[in-house]
Each structure stands twice: as structure tokens, then as C-alpha cells.
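Naming: A, B, ... by sequence-line order, numbering from 1 per chain.
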Amino acid sequence: MAKGFRRLPGFRDFAPEDFAARAHVFEVWRRVSRCYGFAEYDGPPLEPLDLYVEKSGREIVGQLYSFRDKGERDVSLRPEMTPSLARILAERSRSLPKPIRWFSVPQLFRYERQQRGRLREHFQWNVDIVGEEAVAADAEILAVALDGLRELGLTDTDVRARVSDRRLLTALLRALGVGEAQTLDAFTVIDKLEFEDPERSRERLANEVGMSPEGAAELLSLLAGGLGDVSARFPGRADVTEAEARLREYVAMLEAMGLGAYVELDLRIVRGLAYYTGIVFEIFDRRRGLRAICGGGRYDRLFELVGGSPLPAVGFGMGDVVLTELLREHALLPDATRSVDYYVVPVSAEERPRALELAHALRVRGRSVTYSLRQQSVGKQFKMAAAQGARRVIVLGPAELERGMAVLRDMTSGEECDVDLEELVEDDR
RNA sequence: GUGGGCGUAGCUCAGGUGGUUAGAGCGCCAGGUUGUGGCCCUGGAGGUCGCGGGUUCAAGUCCCGUCGCUCACCCCA
């Protein structure tokens, strides 16, 4: 490694091969978004620090890529898109027809120690429906995310969405005697359930949430099963019954869309961010080696918290880093071998003006054309043509030019024929 | 933020117990003559061995620090 300038840690260069992968992912994201009727938006990559401090929760605030600018403003590179969305919509949501379907592919920044799949910068596909509280909006959002992955070539054997509902969890906690003040503490324990020893979880539910041993045991057994007998266990609780019905409807909608094989109920999912209020989901690599590819859910309070008028909302974020790694493992990235339609070979300096003329005429018609920038031997020029992945080579020599002709060589078959120069430009296939 | 591992040419890596001008393969560049590529042959460029100290007659090789990468924790995308 030469001295001089080094890339900042956690940031990436995108040489053509890498850029091709990124462009491919972005194209699919945008195409799928539009298929679902979402419109693209963006905001500034730098925002006032306050936008995040007040809302995002301490975990994120500790990772903000923030500093003071020359105008003495405390600013931060955006660590997530949702606050910007809320800020933008706070100003104009009233004049927009509901539901608002917006998506974005912002580059986001977090100042944290980098690791595989976790950098200081990444691109994230954000899709949100704002202004609709019907559960169909929740289903729509997960469907977009799943179709994005499906369009990239991942199947239900590669990835799965684990879905849960904070309202159902809250209702269950109430039914088991956990008060509102302890709800978030309970979520914290639930979030760790699958990584922690059950005995330890029971202790934490007792000590940190104040549940009785029986209550803790019952909660654990409820969460371990599917949706099975949840409402049967609490026949009198309307909140439980209602939340359960909504979750069932949600799953039924995804099944109706043909995405049922991707979806799995798992009440242990609560998501880290504090602002979620309803159905939440995370999409994982089935083989589990990688982290979550995507996470999202309903956040009906956020707009009020940011100072706007209350608006129900549901959305997700999908990062490009882990996703691209996964696609690479599954050989789902297009090969980035560059190629050109034509490589023009002037035999000697005499033919160069005609070569330039021909190249330009073809380029104007949308063909990709290159030629050697120096006059070299024909053999050398053919080497370069091959190296650049030219599909065809056009040889211009004195003998052919005299007749207004050129030699056209197909580089894959090796076949050669004489062609009329004008016809070549007019109707190249 | 805490702990472990690693750091030699653009890439992948060799370089027992410290000893002269640091190597290979791939890639790159130039030739193998004047009108034909992907093979082959020949030659070449490219490294202050991450950086800075220290031990030693002598360090890529040992010690310390630092930076970077990486894994786990934390947390999340």
C-alpha cells in the first residue's frame, strides 16, 4: 500500500465491478417500488442534530456521525431516513392525497466500529405508506420488501420474514399483569429471548419487569408457540383478540399475494427502535449466518413526536451491505464484464479519419464503439478489441475503403465478411 | 466502547530457530516487424515488508505503541 491518501474507515469505493452490483440492486429496488405505486423522494444527507437526538433513542444517538459546522450549528449525517421523511411530510402531508406512498434509496451514516456487514456508510431502501392505518398497508409494505428480494433472485428457501405485533405483545403483557411502565423493559427481555438461556430470561422477567414466576413462565410458553391458542388463553381480553385477528388477517393477505412461504409468525421479534407501535417484521437469511437484511413495521406516533400532525405510518429499511453479500454468495449478481458493440481498426494512419467518422456515426445511433487511441499494428488493435470485450471488429484498410467497404469480423464466431460502410451504419443489427 | 486474530508487490500468498541486493503465481506494460484477437514465448515496471519507536553487530522475522482490517460482545441495517 503506497503512502498518500487512504480511504476513511467504514467507507467504500465502487470500482466498476462493485458499482455494477450496486446499480443492479438499485434498479430492482426502484422497479419494484414503482410496480407498487411508490414515488421516489430524497432529502439532504446532512440534518440538524436535534432531528435525531429527540426521537431516535439513545442507541442511535451514540452512533451519530455528527459535528459542528462552520456556522456553529450542530449537525449530523443522516443515520436513518425516517426522521427526514417525517420532517418533509410535516410540512406538506396535509396537501397530499392519502395514503402517501413514497420510497427512497438514501446513503446513511453511522459512526461506529466497522465490521463485516456493518460499515459507517450504507445505502438503504426505504419504503413507507403514510396516512393509512388499515392492516392492508402493513401487508403491502412487507410485500414490497419480499418482492424486492424475490426480484433479486432470492427465494423462500433463502430468506424468511419473521413477523410479530407490538400491540399483541402489549395486550398479552397487560393480560399477564404487566403495567404500561414496564412494557419497554419487557420488550427488551423478549428481544433477547432466542439468544438467552430460558432460565435467565425468566429471572430477568421477574427482576427487571416484576412478573411473577408463573406469569413469566406463561409468557415464555406463549411466545414459544405460534399464534395457536393465544386468544383461547385470554377469552375475556378484547385487546388480545383484536390484535390476534389483525395479525391473522395480515398473514392471510400475504398468503393471498402468494408470499405466504416467506412469512413466519414469531412473537419474539420486537425490533430495537423505540418508535414502533404495531406489526413489526425482520427479514433474515435462512441460513442465519448473516444479520437481518431488512426490518420494518408500523410507527403511528412518530409524526406527532417530530412535531407534525398525527399520521399513521408503516415502512421498512433494507440495507445494501448484507444484501449484496448474500446475493454474491448465491451467485445472483450479474457479471460486470464490460463490452462494446464495435471496435474500429484503421489499418494505417491514412484510415484514421474514416475510422473516427464511422465510430461517431455509430455512436450517434446508440452503438457503443471504441478504437485504439494510438496507431498500432493491426494485431495489437485486435488484442485490445478482445480485451475490451468487443463483439465485432470493423477493419478499415485502403483496399476496402476504395470501394466504400470494410471488413466486419464477429469476435465470438470468428466469421468475417465485407460490408458496405453506409449500410453498416444504416441497419446494423 | 470491550476483548481475540491478522497486516509482505494491484490481487492471492511464500519467506524454519533474526544474517548479505525480499520471492512466486495471476494481473499490468512492452516486444515476438510492416493487415487479424483470446494460447504461447521473452523482457519490464511495481514493495521504505501498515506506520513509529525499542532490543541487537544485524529485524519482514523479537518487544512496545499506533493505525488499519477482521471475529466475538454491544447494537443494529
Side-chain angles (χ1 to χ4, degrees), chain A residues 1-4 6-13 15 17 25 56-64 78-82 105-126 145 188 191-192 195-196 269-274 276 281-285 289-296 315-326 337 339 343-351 372 374-401 406-416:
Chain A
M1 178 63 60
K3 267 210 152 71
R6 203 191 262 273
R7 199 173 55 218
L8 253 24
F11 286 81
R12 296 170 290 175
D13 292 321
E17 314 83 72
V25 169
S56 292
R58 275 168 301 290
E59 328 87 64
I60 289 193
V61 171
Q63 300 173 339
L64 285 177
R78 55 188 179 194
E80 54 169 334
M81 197 57 179
T82 315
V105 184
Q107 189 173 23
L108 305 177
F109 306 85
R110 289 187 187 180
Y111 197 90
E112 59 179 334
R113 189 152 163 185
Q114 72 159 319
Q115 221 176 102
R116 182 167 196 253
R118 188 178 72 173
L119 308 171
R120 286 184 174 174
E121 148 275 319
H122 73 126
F123 291 93
Q124 193 184 66
W125 184 28
N126 273 252
T188 307
D191 194 32
K192 295 283 173 295
F195 307 108
E196 228 164 40
I269 299 292
V270 294
R271 308 267 315 130
L273 291 178
Y276 287 109
F281 67 87
E282 295 184 350
I283 302 179
F284 289 92
D285 176 9
L290 299 169
R291 314 159 181 277
I293 304 164
C294 172
F316 72 82
M318 184 186 294
D320 73 316
V321 179
V322 172
L323 176 61
T324 305
E325 278 174 21
L326 185 58
T337 49
S339 62
Y343 194 92
V344 181
V345 173
V347 170
S348 73
E350 295 293 303
E351 293 79 32
S372 173
R374 288 179 300 186
Q375 185 57 40
Q376 293 171 302
S377 73
V378 172
K380 193 73 187 168
Q381 293 187 69
F382 264 88
K383 269 200 177 74
M384 295 193 69
Q388 291 187 27
R391 283 182 276 276
R392 292 167 185 156
V393 169
I394 301 168
V395 183
L396 297 178
E400 298 85 23
L401 278 184
V407 173
L408 177 66
R409 181 183 179 88
D410 184 304
M411 292 295 274
T412 31
S413 68
E415 280 172 34
E416 243 173 50

Out of [options], which has the shortest distance to the side chain of [X]?
X: A:Arg110; options: B:rG37, B:rA77, B:rG35; value: B:rA77
X: A:Pro9; options: B:rA77, B:rG35, B:rC69; value: B:rC69
X: A:Pro398; options: B:rA77, B:rG35, B:rG37; value: B:rG35
X: A:Val321; options: B:rC75, B:rU36, B:rA77; value: B:rA77

Are the side chains of [X] and [Y] in touch, meaning some heavy atoms are under 4.5 Å apart?
X: A:His122; Y: A:Gln107; answer: no
X: A:Ser413; Y: A:Asp410; answer: yes
X: A:Val25; Y: A:Leu323; answer: yes
X: A:Pro9; Y: A:Arg120; answer: yes
X: A:Val395; Y: A:Val347; answer: yes
X: A:Arg409; Y: A:Phe382; answer: yes

[X] [atom1] to [N] [atom2]: how many Å, rounded?
X: A:Asp320; N: B:rC76; atom1: CG; atom2: C1'; answer: 15 Å
X: A:Tyr111; N: B:rG1; atom1: OH; atom2: C1'; answer: 12 Å
X: A:Glu80; N: B:rC76; atom1: CD; atom2: P; answer: 11 Å
X: A:Glu17; N: B:rC11; atom1: CD; atom2: P; answer: 13 Å
X: A:Gln388; N: B:rU36; atom1: CD; atom2: C1'; answer: 16 Å
X: A:Gln124; N: B:rC76; atom1: CD; atom2: P; answer: 14 Å
X: A:Asp13; N: B:rG10; atom1: CG; atom2: C1'; answer: 13 Å
X: A:Asp410; N: B:rU36; atom1: CG; atom2: P; answer: 19 Å

Between [M] and [N], how far apart are the [atom1] atoms? Round to whole Å, please.
N: B:rU33; M: B:rC26; atom1: C1'; result: 29 Å
N: B:rG53; M: B:rA58; atom1: P; result: 15 Å
N: B:rC6; M: B:rA14; atom1: P; result: 13 Å
N: B:rG7; M: B:rC63; atom1: P; result: 13 Å
N: B:rG23; M: B:rG15; atom1: C1'; result: 7 Å
N: B:rC76; M: B:rG10; atom1: C1'; result: 34 Å
N: B:rC39; M: B:rG32; atom1: C1'; result: 14 Å
N: B:rA30; M: B:rC49; atom1: C1'; result: 28 Å

Note to self: On the side chain of A:Glu400, is there an atom forming a donor-acceptor pair with the base of B:rG35 - under 3.5 Å, no angle test?
What the structure shows: yes

Margin query: Using only modelled atom types and a 3.5 angstrom limit, is any donor from either the side chain of A:Gln381 or the base of B:rU36 paired with an acceptor on the other?
Written below: no

Notebook entry, point to check: When you look at A:Arg392 and A:Leu408, which way does the side-chain contact (heavy atoms from CB on, under 4.5 Å) test go after all the steps?
Noted result: CA-CA 7 Å; A:Arg392 292 167 185 156; A:Leu408 177 66; 4.0 Å; yes

Notebook entry, point to check: How does RNA chain B look in dot-bracket form if you count Watson-Crick and G-U pairs under 3.5 Å, write [ ] for pairs that cross, and put | where a base pairs with another strand?
Noted result: (((((((..((((.....[...)))).(((((.......))))).....(((((..]....))))))))))))....

Note to self: Hydrogens and angles aside, do A:Thr412 and A:Arg391 bring a side-chain donor and acceptor to less than 3.5 Å of each other?
What the structure shows: no

Margin query: Under a 3.5 Å cutoff, is there a donor and acceptor pairing between the side chains of A:Ser372 and A:Gln375?
Written below: no

Checklist line | A:Arg78 to A:Phe109, cation-pi by 6.0 Å centre distance and 45° axis angle | finding: no

Indicate, with a heavy-atom threshold strictly under 4.0 Å, whether [X] touches base, sugar-phosphate, or nothing.
X: A:Met411; answer: base
X: A:Leu323; answer: nothing
X: A:Gly10; answer: sugar-phosphate
X: A:Ala387; answer: nothing

Could you list all N or O pairs between the protein and nucleotides 26-33 of chain B that sit under 3.5 Å apart?
residue, atom, partner, partner atom, Å
B:rA30, OP1, A:Arg374, NH2, 3.0

Next item on the list: Please tell me which of A:Glu416 and A:Leu8 maps to the more 5' nucleotide of RNA chain B, matching each residue to the nucleotide holding its nearest heavy atom.
Entry: A:Glu416

Checklist line | A:Pro79 backbone acceptor or donor facing A:Arg110 side chain under 3.5 Å | finding: yes

